[in-house]
Amino acid sequence: MFIKEIWYKELNSGFVIDHVKFQHGKTLLVGNSGMGKTRILEAVNSVCKLAVGTKKNIQIPFEAELKFSIENLECCWQIKVDYVPQIHVNAEESNAVIKEERLTVDGDVVIEKSKDKLKLLNYSLLPQPKENESLISQYRMEKKIGFIYEEFQKIYMRMFERDMMGSMYPDVYEAFCSLYKEHHISPIQDIPVVTLSPFDQYGILKNVDPENYREMSQELLELYQEIFPEVEEISYLQDERKEYMIAIRVKDNWILQKEISSGMLKTLWILIKMKIMPRNAVVLIDELENGLGVNCIESVSDFIINGRSDIQILATSHHPYIINAIPMDNWMIVQRKEQVVKAYRSDEMALGRSRHDAYLQLVNRLQYE
């Protein structure tokens with residue numbers, strides 16, 4: 001999937017993301033704090049997760065339009081979502097209700113739902129659908145909808161801070177390994193059975209597909225040693241309490257995840273994340289610079305831009321090192337006026353021709369704003 005554009009409006013506050021467009025490969029959303037960079041990623045994530053039935057994080061009514069392409073097909077999904085808060089609701093549940101929904105593929109209406117209309121492919125009569133689940137999810141077994149549902153499953157937004165502290169109990173690890181084996185899929189280059197941290201997917205690969213694990217470990221180590229040459233090995237091990245976690249070996253001593261510095265761990269997190277993504281995945285990374293040391297930024301930025309040509313990355317940053325390390329053709333400058341957020345390409349902002357000149361002009365503009 002390639003996400004091309006999003007329009008999003010919160011119906012209670014009037015907050016609007018006004019037709020923000022994205023680059024085909026990598027997009028870096030830059031701008032001052034409070035401009036709306038993170039909210040753009042959150043809007044993309046909420047809309048895409050809603051398509052596959054995940055709605056527990058939705059707590060406000062909104063309407064949205066998402067334009068995307070799959071192979072050579074041009075698609076557009078429009079939705080209007082209501083939210084009715086209730087007392088004594090399970091924390092894992094959501095009161096999100098899809099009031100309107102419309103999916104077009106190459107201009108043809110595949111799904112349409114409104115107050116007085118319900119249309120699905122060539123069906124003339126349909127049962128009343130569930131209001132709290134998208135039609136894409138409910139009718140994913142239909143051939144013309146199933147492939148779209150699968151592509152929406154390839155949207156990934158995870159928080160490094162949460163993954164950094166995580167570990168996996170032995171029984172949970174064995175259960176996940178059995179699950180992957182049962183489904184005959186690999187934790188890399190396939191849609192995950194469940195959403196796990198990159199570290200845990202890497203660890204499951206060690207059990208499920210040892211040959212791929214060895215190959216990936218060697219590639220990771222070579223990339224990682226370009227930044228941290230003292231690291232001799234990367235693995236997934238158990239600590240003294242038998243919990244599984246990522247680990248690195250330095251001077252013949254194993255350093256477990258909880259003892260690895262944040263810069264080294266975030267770098268490893270990004271490298272593994274980029275390696276395990278399935279083809280045509282969309283990866284959302286908020287505040288790319290968080291946890292990275294100055295010595296990591298250039299190498300990590302280069303890997304993100306050039307490491308995978310078959311995935312789309314949408315990332316945010318307001319850190320000068322990150323902005324300067326990523327080509328200006330990949331920038332989208334985010335600006336906000338009251339409740340409306342817009343984003344502009346570097347050429348639309350009339351920035352300099354060279355990256356250095358463009359960077360200086362951008363910094364001056366952001367400081368002025």
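Numbers here are sequence positions counted from 1.
- Contacts of Asp252 classified as salt bridge (charged side-chain N to carboxylate O under 4.0 Å, His left out), with partners at least two apart in sequence or in another chain: Arg249.
- Rounding to the nearest 0.5 angstrom, the gap separating the CG atom in Leu288 from the CD1 atom in Ile326 is 6.0 Å.
- By the 6.0 Å contact criterion, CD on Glu338 is open, its count of non-hydrogen atoms from other residues, nucleotides or ligands being 12 or less.
- Taking 4.0 Å as the cut-off between side-chain N and carboxylate O, Lys251 and Glu230 do not count as a salt-bridged pair.
- Counting heavy atoms of neighbouring residues, nucleotides and ligands inside a 6.0 Å radius, atom CD of Gln138 exceeds 12 of them.
- Taking the six-membered ring for Trp, Phe199 and Tyr236 have ring centres at least 6.0 Å apart.
- Screening residues 140-149 for side chain to side chain donor-acceptor pair (under 3.5 Å) gives Tyr123-Glu142, Ser137-Arg140 as the qualifying pairs, with residues at least two apart or on separate chains.
- Take Tyr139 and apply the ring pair (Phe, Tyr, Trp, His ring centres under 6.0 Å) test, not counting sequence neighbours, and it matches no residue.
- When side chains are defined from C-beta on, Leu103 does not count as touching Val109, because their heavy atoms never get closer than 4.5 Å.
- Remark: of the listed residues Ile204, Val172, Leu205, Ile204 is the sole one forming a side-chain contact (heavy atoms from CB on, under 4.5 Å) with Cys177.
- Neither side chain, Ser197 nor Lys273, offers a donor N or O lying under 3.5 Å from an acceptor on the other.
- No salt bridge links Glu42 with Lys49; every basic N to acidic carboxylate O contact stays at or beyond 4.0 Å.
- Distance CE/Met168 to OH/Tyr173: 8.5 Å, rounded to 0.5 Å.
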